[in-house]
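Report on the following structure.
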Amino acid sequence: MRIIPVGLRALLVELPEPAHTHALVAELDRRRERGELPGVEDVVPGELTVLVDGLDDPAGLAAQLTAWRPTSVRPPDGPLVEVPVRYDGADLAEVARAWQVPEEEVGRIHSAPEYRVAFCGFAPGFGYLTGLPERYHLPRRAVPRTRVPAGSVALAGGYAGIYPRDSPGGWQLLGRTDLVLFDPDRDPVALLTPGTRVRFRDVGR
């Protein structure tokens with residue numbers, strides 16, 4: 001664990017494995033619920049980092065963190081969001097070949113698990129979803145695209161995701177959805193937040 005001061009009231013904690021990130025976030029949540037972390041305004045998980053913001057005494061918490069031994073626990077279930085998908089993505093054939101299945105099977109495989117938002121980043125509204133079995137993990141594309149359309153459903157490494165807006169990207173594109181992931185005029189503005197459960201539903205092409 002490495003602890004880096006950020007500004008006057010925040011700490012960035014770097015961790016060696018995603019499981020440690022989940023455990024630390026759960027421990028911080030437990031202590032906040034018990035009133036042991038007054039002033040903390042936000043806990044922002046990344047893949048291997050946790051940002052703790054709004055601290056009255058960052059140095060004091062940094063000293064405590066080194067003594068904590070958070071245990072890995074299953075995070076509480078968040079709300080369930082169903083995502084209708086047309087599996088007609090530009091990389092569908094390539095993914096099918098890598099998985100050694102017919103193209104028609106890609107949607108069934110991808111939509112079978114229940115996913116969970118591990119953390120958010122890259123762009124407003126973009127959630128990194130865990131849950132795809134390891135045998136279906138694939139690397140990013142060797143050459144990223146300069147433009148990926150909003151609503152593209154994709155995967156890379158051990159994560160699935162949905163592009164909330166047009167942007168460059170190197171993930172493997174499986175399909176697309178009309179669901180709006182991020183809307184500044186909506187409350188909440190982001191549909192996917194850490195802990196949210198996600199089900200993809202194949203609606204054909």
Side-chain angles (χ1 to χ4, degrees), residues 1-81 115-132 137 140 144 148 150 154-165 167-171 180-198:
M1 176 188 295
R2 189 163 76 114
I3 303 170
I4 304 168
V6 179
L8 299 177
R9 301 189 62 197
L11 295 174
L12 182 70
V13 185
E14 294 182 343
L15 299 143
E17 297 179 12
H20 295 184
T21 303
H22 303 320
L24 179 58
V25 170
E27 183 69 21
L28 287 163
D29 287 343
R30 280 195 294 269
R31 291 178 184 252
R32 286 179 78 184
E33 289 174 3
R34 295 200 296 257
E36 297 176 10
L37 297 173
V40 171
E41 297 171 355
D42 215 353
V43 175
V44 183
E47 183 175 29
L48 297 174
T49 60
V50 179
L51 178 72
V52 187
D53 191 21
L55 296 167
D56 295 332
D57 181 15
L61 180 61
Q64 292 181 43
L65 283 171
T66 58
W68 288 8
R69 296 294 181 267
T71 56
S72 182
V73 296
R74 177 181 168 82
D77 288 337
L80 176 65
V81 173
Y115 296 80
R116 181 181 294 269
V117 180
F119 58 94
C120 297
F122 170 61
F126 188 94
Y128 288 76
L129 311 181
T130 58
L132 188 68
H137 293 183
R140 294 168 182 263
V148 174
L155 60 84
Y159 297 105
I162 309 164
Y163 284 79
R165 62 184 184 189
S167 62
W171 288 35
V180 177
L181 278 295
F182 187 84
D183 181 353
D185 297 323
R186 185 179 60 195
D187 185 16
V189 296
L191 194 61
L192 305 181
T193 56
T196 300
R197 295 173 296 134
V198 175

(message) Pair R186, V180 - check side-chain contact (heavy atoms from CB on, under 4.5 Å), show working.
(response) CA-CA 10 Å; R186 185 179 60 195; V180 177; 4.1 Å; yes
(message) If you apply the rule side-chain contact (heavy atoms from CB on, under 4.5 Å), what do you find for Y159 with T130, and how did you get there?
(response) CA-CA 5 Å; Y159 297 105; T130 58; 3.6 Å; yes
(request) Starting from the C-alpha separation in whole Å, work towards a yes-or-no answer on side-chain contact (heavy atoms from CB on, under 4.5 Å) for M1 and V13. (result) CA-CA 7 Å; M1 176 188 295; V13 185; 3.6 Å; yes
(request) Output, in order, the C-alpha distance, side-chain angles, deciding distance and verdict of side-chain contact (heavy atoms from CB on, under 4.5 Å) for L24 and L65. (result) CA-CA 9 Å; L24 179 58; L65 283 171; 4.0 Å; yes
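For W171 and F126, the ring centers sit closer than 6.0 Å to each other.
Enclosure of atom CG in L8 is not indicated, since only 12 or fewer non-hydrogen atoms of other residues, nucleotides or ligands lie within 6.0 angstrom. For R2, the CZ atom counts as loosely surrounded, since its 6.0 Å shell holds 12 or fewer non-hydrogen atoms of other residues, nucleotides or ligands. Sparse packing is recorded around CZ of R140, with 12 or fewer heavy atoms of other residues, nucleotides or ligands lying under 6.0 Å away.
Checked by atom type and distance alone, the side chain of R9 pairs as donor or acceptor with a backbone atom of L55 at under 3.5 Å. Side chain of T196 to main chain of G78: no donor-acceptor pair is present (N/O by atom type, distance under 3.5 Å, no hydrogens or angles). Remark: side-chain polar atoms of R69 are paired, donor with acceptor, to backbone N or O of T66 under 3.5 angstrom.
Salt bridge absent: E33 and R30 never bring a charged side-chain N and a carboxylate O closer than 4.0 Å.
Within the model, atoms CZ of R32 and CD of E41 stand 9.0 Å from one another, a figure rounded to the nearest 0.5 Å. To the nearest 0.5 angstrom, H22 atom NE2 is 9.0 Å from E47 atom CD.
Under the ring-ring contact (aromatic ring centres under 6.0 Å, His included) rule, Y128 has a single partner from F122, Y115, F119, which is F119.
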